[in-house]
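This report concerns only the one structure given below.
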Amino acid sequence: MSNKIVVGYDGSDSSKATLDFAVELAKSQGAAIVVAHVLEWSPYSFLTPNELEERHKRRGEELERAEKAVLAPLVKGLSDSGVEVTTALKYGGIADTLCDIVKAEGASQVIVGRTGNSGLSSRIFGSVAGTLAQISPVPVTIVP
Amino acid sequence: MNNKLKAAAWAAPAMLAATAPAMAQSMDQKINDMFASSTGWFVNFIFSPFPGTSFPWIVAWLVIAATIFTIYFGLIQFRAFPHSISLVKGDYSDPNDAGEVSHFQALATALSGTVGLGNIAGVAVAVGIGGPGATFWMILAGLMGMASKFTECTLGVKYRNEYDDGTVSGGPMYYMTKGFAERGLPAGKFMAVLFSVFCILGALGGGNMFQANQAHAQITNVVGDFPGWITGIIFAGIVFAVIVGGLKSIASVTEKVVPFMGVLYVLTALIIILMNADMIGWAFGQIFAGAFTGLGVAGGMVGALIQGFKRAAFSNEAGVGSAAIAHSAVRTKEPITEGFVSLLEPFIDTVVICTMTALVIIITGQLVSDPATGMYLLDEGGATIQTVDGNKGVALTSAAFSSAFGWFKYVLAIAVILFAFSTMISWSYYGLKAWTFLFGEGHTKEIVFKVIFCIFVVIGASANLGPVIDFSDAAIFAMAVVNIVALYFLMPIVKRELNSYLSRLKSGEIHKFH
């Protein structure tokens, strides 16, 4: 089995802490890290005609921004950690898409932070970490 | 500024306010007269009947086209129905394309442009003139119209323009120019220009004035009578903020609430129908009997048929070409898939939603009939059926729903206003696409159109229903005249796409991802 760890990363402080934890873990296990950044997107949302027309253009801009502002600096920062780091950038529902990335990479575990929605909204809609714990095909570590 | 002038400046608005009611009524009247007299010739031409009959040629034009497409594509609207549903669900969408416009989004946006007052007020007008029988012809026209929509939306995607910056522009004007050139046919450019002119008129008429007019009618229905131009100015202001000011928040809230309202509307209609479950058989009896005899309506069976066909066409816009503009933005490698998806539109719009409205009006007994003969009684003018409280248009629908749930008229008022608004936003886009096709893209040129659009909101809210509805229908049908000619010439291209796609679907080359 390949030794890859998928880490959910959204640029928040908590996800940075999660990543630090994952890096330490990877060092001790000799594993590689896949930093997964998911842009939340539903194909069932509603858009105006104008937004439809510009969607393809906006998508390109969003991907470029995420790559430049979020992922590139991060990979650079980790370059001297001694851990092999790759990235995955996708659109979709966050928990579902993380699972897809895990399957596509053949990863052995997935690590996410606990933040994001808390309180009422997560009671109604569920949290990313909670959903992931239920649907993930590999062991999930949730970093508080 | 000296004090005297200042005082005068303050006094002027106060005086204006004092005389406002009287002035307002006469201003509404003036706008109405001016509007009716300047558009009459156009309306008369579009709705002129075949010599010696009362059957308008334009209605035959649309229905014959829908029939031809239905036969030519071998009942595609029924054959492809299940496949259309799985396309919308995203079964065939490549996960790597996530973040692009999905089939569902293109359909939802196109629907929010068509689902609106046609389904609420338009149906009430049709049933009010043509009786319950109009419903039968409306459903039939809706089912046939699915084939027209399939044809035009496939072409819309196939011949759209994709620009370097990633934006797209599509619609009949593009398939007329590019498609005709590809087939070596003349006059494509001419037709595209003609279509664009009518599209602009349609955007200002059905896509704007009719909406403003009925939104005002609905508001006065709830809060009491007041001059239409006031509603017009408020509406124009909000539309202006969205289409000129780029105020995304209003647009996005509307786009989210409109589908919810649509579902609420259908559910409420279903509940009312189920509450009167014992009347359902009778209602369908009225619909069938009315369809073939008229049951005393003006013009008899033909009267019912014309009203049904007219409302279906006006409501779902099949063959008109507007949907081809909305559907062009989808991200797909196969233009035909958008054709499949778009054929659901007349189904949802006309066969489901319009039929619900008609059933509620019939089942709640809004139309007055003679108990002895079972024939519907006509108003003094002899054109429309008597209703319980003399209601017409959207007020008739409102009365029908309120007879079951008193509070529903408030929900309906909000729904009508939101539908009107989202339809205006959609049509401002269609009109703008036609405008830029004619005059070229450019900030100033676009602003000019958008300002004209806002001015027509005020005119629409001020005018009477009669002239507005006539002009709206006429302009939208004029688009269909040009569009359908183009569809006849280009339908072999759609057939080629269809056959190629179906064979690849069968061979498994095109497969589900989920």
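These values consider heavy atoms only, across backbone and side chains, with no hydrogens, waters or symmetry-generated copies. Order of the sequence lines fixes the chain letters, A, B, ..., with proteins taken first and strands second; residue numbering starts at 1 for each chain.
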Query raised in the report: Can you tell me if CZ on B/F260 sees more than 12 non-hydrogen neighbours from other groups inside 6.0 Å?
Result: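 12 or below, so no.
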
Scan the chain A/chain B interface and emit each donor-acceptor pair under 3.5 angstrom with its distance.
| unit_1 | atom_1 | unit_2 | atom_2 | d |
| --- | --- | --- | --- | --- |
| A/S42 | O | B/Q105 | NE2 | 3.4 |
| A/P43 | O | B/S102 | OG | 2.6 |
| A/Y44 | OH | B/K89 | O | 2.3 |
| A/S45 | OG | B/Q105 | NE2 | 2.8 |
| A/L47 | O | B/T109 | OG1 | 2.7 |
| A/E53 | OE1 | B/Y429 | OH | 2.5 |
| A/E53 | OE1 | B/K433 | NZ | 3.0 |
| A/R55 | NE | B/G99 | O | 2.7 |
| A/R55 | NH2 | B/G99 | O | 3.2 |
| A/H56 | ND1 | B/E100 | OE1 | 3.0 |
| A/H56 | ND1 | B/E100 | OE2 | 2.8 |
| A/R59 | NE | B/A98 | O | 2.9 |
| A/R59 | NH1 | B/E100 | OE2 | 3.4 |
| A/R59 | NH2 | B/N96 | O | 3.0 |
| A/R59 | NH2 | B/A98 | O | 3.0 |
| A/K90 | NZ | B/N96 | OD1 | 3.3 |

Query raised in the report: In terms of heavy-atom pairs under 4.5 Å with chain A, which of B/V101, B/I243, B/I325, B/V330 leads?
Result: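 With the most close heavy-atom pairs to chain A, the winner is B/V101.
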
Query raised in the report: Heavy-atom distance under 4.5 Å to chain A: side chain of B/V88, backbone, both or neither?
Result: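 It is the backbone, since no side chain atom gets that close.
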
